[in-house]
Trainee: 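Below are the structure tokens for one structure; questions will follow.
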Amino acid sequence: MKQPWKMKLGAILLCAAMMTACSSNSAANTGSVASGTPATTDTAEAGGSTTVELAGADLTQEVEYEADDAYTDWSAASYASIALSGTGASIDGDGATADGDTITITAAGTYVISGKLEEGQIVVNVKDDGVVRLVLNGADIHNSDSSAIYVQEAGKTIISLQEGSENNVSDGETYVFPDAATDEPNAAIFSHDDLTLNGTGKLTVQGNFNNGITSKDKLKVTGGTISIEAADDGLMGRDLVAVQDGSVTIKSEGDAVKTTYDTDNTKGYVIIEGGAINIEAGDDGIHSESAIAIAGGKVDITQSNEGIEAPTIAISGGDASVVSTDDGINVAGGDSETAAEAPPGSGAASSNKLVISGGTLNVDSQGDGLDANGSIEMSGGTVIVNGPTNSGNGSLDYDGTFVMTGGFIVSAGSSGMVQATADTSTQPGILMTFTQAQQTGTLVHLEDSDGNAIMTFEPTKSYQAVFVSSPDLKQNGSYTLYSGGKSTGTAANGLYEGGSYEGGTKVITFENATIVTWVNESGVTEAQSGMGGPGGRGFGGGGGRGGDRMPPDGEVPQDAPAQ
């Protein structure tokens, strides 16, 4: 069920419902949210909560950061020490017991863990919904046939990484379960309840059996340097995965960051507000069954099948980079391997939406660059797409509409399935198609009649179509497009800033009388409108046939050879 649109900025403090006293003197906790607007986020004293509302797309999702989600000095409070010693442990303090290689925590409190457990398990089993804090202070924990850290029950578990410490958690390739019907735990660190990772130390997780870190409830990262390798998914939560700060590196055979809740629209979100996430994933980089919001931080997906996938994706800040063998951004419901795409124009996926209101997004895809089985809206930010070279995909692909009201986008790729933004946009766009594919590294330069540069772009692959929309474009203006040449400016993701352009070949001078102007080497041509909505799809280098998803007789057109 589609959620109602709410454009609610900033943050609210839930004092009356969730705490007995509020204090504005605690450390502030900020994030960039809807429409690129910074949020002022109140933070409660111990026992309170902080709520950040991320608005965008079809969601206003609350991320609740309680006071204990932030790292604080544990040494001043009461705590128990657990000193691991190969095949067992010695415990100084109350709340934990050691039975051979199994250390069980049965009471809320803080437990400082150090040393090496060569074969064993840390078990948290607190029946009264209390909060358990595990401080890893030079801990090395391995279990060959189950989770190394297993939270059976607790109100919340916090794993704090002590400053200057290096910690390792790993499991084996085969688990031993009590019966055939049992399939959990299934991760090197596994929690049935809320799980938070914080601190400034280092944690290396080796998930050899299945996942690296899994929470069956909410999973939050507010600090630490975390490295995960996983046989399947890297960082997985059911209700929520939220990254506020820290550095997370994930190499996984499955999805790198994932949520699984798909029956409640208020759950199952991935929300990235800050920190740095580096991903090399065998399947999706970031996957959610509900929605993904990127409002800050740095996301670098260096390898993936599909980069970022969810029914609703909102990008309002941060710096995201995606490399994919299939779609870079895929707005779709369900598993990418089993979900069938709705036919263009069917309206079956009309509630799916990609909303870009800020930040920077760089996509390098072999499949579609931005693929929306629904619609796209862009009002701010910068988007660079190096799309496919085969004509069965496009750098932009949407079934509904792509309404452009602000921001900057340039996309380059094949021309067989090319799309521009919709003519219901308020910001002009220009789509150039070439009769032959242009070689990798061939600059495309657009300037106005006064010689002011609108764009100088160097695609990373061969291309036959380039689309650009910029706040500097004016309707009914005169523009000249050049090919080749060189620029003395500074390039970032192929887009040049500053400097001067020279040595290129003039391709065409034209006037953009419409909000979206299609041109080829002969001049202005008609938009290749297809079933996907205004500005839709076309086949071939500039004026040709539109109106169908595929060309006649189901033949997939191929781009002309590179010059």
Side-chain angles (χ1 to χ4, degrees), residues 68 71-126 130-154 156-173 175-176 185 187-191 195-209 211-214 221 223-230 246-249:
D68 53 20
Y71 181 81
T72 56
D73 182 18
W74 51 269
S75 61
S78 176
Y79 63 89
S81 295
I82 300 175
L84 307 176
S85 55
T87 58
S90 59
I91 299 172
D92 182 10
D94 298 327
T97 59
D99 183 6
D101 58 11
T102 301
I103 295 90
T104 304
I105 295 169
T106 57
T110 298
Y111 300 84
V112 182
I113 304 173
S114 60
K116 184 174 183 178
L117 189 62
E118 295 174 353
E119 183 64 55
Q121 189 175 58
I122 305 294
V123 177
V124 176
N125 191 7
V126 177
V131 176
V132 174
R133 182 174 175 184
L134 306 179
V135 179
L136 301 187
N137 188 15
D140 190 333
I141 307 166
H142 176 76
N143 191 354
S144 61
D145 57 18
S146 187
S147 298
I149 297 177
Y150 178 26
V151 181
Q152 291 180 334
E153 186 176 355
K156 174 195 282 187
T157 298
I158 301 162
I159 296 178
S160 293
L161 306 176
Q162 173 63 17
E163 181 179 3
S165 69
E166 295 189 8
N167 307 278
N168 298 279
V169 176
S170 60
D171 61 8
E173 295 182 358
Y175 275 24
V176 176
I189 299 176
F190 184 93
S191 175
L195 179 65
T196 296
L197 290 92
N198 64 26
T200 58
K202 295 181 180 180
L203 172 63
T204 299
V205 178
Q206 191 76 42
N208 296 301
F209 172 68
N211 298 339
I213 301 176
T214 291
V221 178
T225 299
I226 303 166
S227 178
I228 302 171
E229 289 194 21
S247 175
V248 183
T249 300

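Just so we're clear, the structure is a prediction, and the values are computed from it rather than from any experiment. Just so you know, these numbers use all the heavy atoms, side chains as well, and skip hydrogens, waters and symmetry mates.
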Trainee: Residues two or more places apart in sequence or in another chain: which of them pass side-chain hydrogen bond (donor to acceptor under 3.5 Å, both in side chains) with Ser114?
Mentor: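 For Ser114 there are no side-chain hydrogen bond (donor to acceptor under 3.5 Å, both in side chains) partners, ignoring immediate neighbours.
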Trainee: Mind jotting down which residue pairs meet the ring pair (Phe, Tyr, Trp, His ring centres under 6.0 Å) criterion with at least one end in residues 79-108? Sequence neighbours excluded, please.
Mentor: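 Checked against ring pair (Phe, Tyr, Trp, His ring centres under 6.0 Å) - neighbours excluded - the pairs reaching residues 79-108 are Trp74-Tyr79.
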Trainee: Working to the nearest 0.5 angstrom, can you tell me the gap between Lys202 NZ and Thr225 OG1?
Mentor: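 Going from the NZ atom of Lys202 to the OG1 atom of Thr225 covers 6.5 Å.
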Trainee: Going by side-chain hydrogen bond (donor to acceptor under 3.5 Å, both in side chains), name the residues that satisfy it together with Ser165, two or more places apart in sequence or in a different chain.
Mentor: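 Asn167.
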Trainee: Is there a donor in the side chain of Gln162 and an acceptor in the side chain of Asn137, or the other way round, less than 3.5 Å apart?
Mentor: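 The answer is no; no qualifying pair exists.
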Trainee: What are the two closest non-hydrogen atoms of Tyr175 and Ala187, and how far apart are they?
Mentor: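 What the structure gives for the nearest pair is OH-O, 3.2 Å.
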Trainee: With rounding to the nearest 0.5 Å, note down the distance linking NZ in Lys116 to OG1 in Thr87.
Mentor: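 If we round to the nearest 0.5 Å, Lys116:NZ and Thr87:OG1 are 12.0 Å apart.
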Trainee: Can you name the residues that form a side-chain hydrogen bond (donor to acceptor under 3.5 Å, both in side chains) with Ser170, not counting sequence neighbours?
Mentor: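 Per chain and number, Ser170 pairs via side-chain hydrogen bond (donor to acceptor under 3.5 Å, both in side chains) with His142.
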Trainee: With a 4.5 Å heavy-atom cut-off, do Phe209 and Ser147 have their side chains touching?
Mentor: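 Side chain of Phe209 against side chain of Ser147, heavy atoms only: no contact under 4.5 Å found.
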Trainee: Any heavy-atom pair between the side chains of Val248 and Leu197 that's under 4.5 Å?
Mentor: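 SC-SC contact between Leu197 and Val248 ruled out.
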Trainee: Roughly how far, to the nearest 0.5 Å, is the OG atom of Ser144 from the CD atom of Glu118?
Mentor: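 That separation rounds to 11.5 Å.
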Trainee: I'd like to check the side chain to side chain contact (heavy atoms under 4.5 Å, CB included) partners of Ser160; sequence neighbours left out, ordered by chain and number.
Mentor: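 If we apply the side chain to side chain contact (heavy atoms under 4.5 Å, CB included) test to Ser160, skipping adjacent residues, the hits are Tyr71, Arg133, Val135, Ile158, Asn198.
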Trainee: Rounded to the nearest 0.5 Å, what separation is found between the CD1 atom of Ile159 and the CD1 atom of Ile189?
Mentor: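 Spacing of CD1 (Ile159) from CD1 (Ile189) equals 4.5 Å.
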Trainee: Restricting to side chain to side chain contact (heavy atoms under 4.5 Å, CB included), what partner residues turn up for Leu117, sequence neighbours left out?
Mentor: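 Here the qualifying residues are Leu84, Ile103, Ile141.
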Trainee: Taking the side chain as C-beta and beyond, is there a heavy-atom pair between Leu161 and Ile226 under 4.5 Å?
Mentor: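 A side-chain contact under 4.5 Å exists here.
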Trainee: Excluding sequence neighbours, so at least two apart, what forms salt bridge (Lys or Arg N to Asp or Glu O under 4.0 Å) with Glu229?
Mentor: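 Glu229 satisfies salt bridge (Lys or Arg N to Asp or Glu O under 4.0 Å) with no other residue.
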Trainee: Can you tell me how far apart OG1 (Thr157) and OH (Tyr111) are? Round to the nearest 0.5 Å.
Mentor: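 Reported value, rounded in 0.5 Å steps: 10.5 Å.
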Trainee: Which atom pairs, one a donor and one an acceptor, fall under 3.5 Å between side chains of residues 88-99 and the rest of the protein, sequence neighbours left out?
Mentor:
none

Trainee: Any chance you could measure Glu119, atom CD, to Asn143, atom CG, to the nearest 0.5 Å?
Mentor: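 One gets 5.0 Å once the value is rounded to the nearest 0.5 Å.
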Trainee: Can you sort out the partners of Thr196 under side-chain hydrogen bond (donor to acceptor under 3.5 Å, both in side chains), two or more places apart, ordered by chain and number?
Mentor: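 With sequence neighbours excluded, Thr196 shows a side-chain hydrogen bond (donor to acceptor under 3.5 Å, both in side chains) to Asp69, given in chain and number order.
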Trainee: Among all residues two or more places apart in sequence or in another chain, which pass the side chain to side chain contact (heavy atoms under 4.5 Å, CB included) test with Thr106?
Mentor: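 By the side chain to side chain contact (heavy atoms under 4.5 Å, CB included) rule, Thr106 matches Thr104.
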Trainee: Would you check if Val169 and Ile122 make a side-chain contact, meaning some heavy-atom pair closer than 4.5 Å?
Mentor: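 Val169 does not reach Ile122 side chain to side chain.
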Trainee: Show the nearest heavy-atom pair for residues Gly207 and Ala188, with the distance to one decimal.
Mentor: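 Taking Gly207 first and Ala188 second, the nearest heavy atoms are CA-CB, 4.2 Å.
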Trainee: Quick one: does any side-chain atom of Asp171 pair with a main-chain N or O of Asn208 as donor and acceptor, under 3.5 Å?
Mentor: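 Confirmed, Asp171 side chain pairs with Asn208 backbone.
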Trainee: So which pairs with a foot in residues 144-154 pass salt bridge (Lys or Arg N to Asp or Glu O under 4.0 Å), sequence neighbours left out?
Mentor: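 Non-adjacent pairs meeting salt bridge (Lys or Arg N to Asp or Glu O under 4.0 Å): Lys127-Glu153.
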Trainee: By side chain to side chain contact (heavy atoms under 4.5 Å, CB included), which residues pair with Val126, not counting sequence neighbours?
Mentor: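 In terms of side chain to side chain contact (heavy atoms under 4.5 Å, CB included), with neighbours along the sequence ignored, Val126 is linked to Val124, Asp128, Val132, Ala154.
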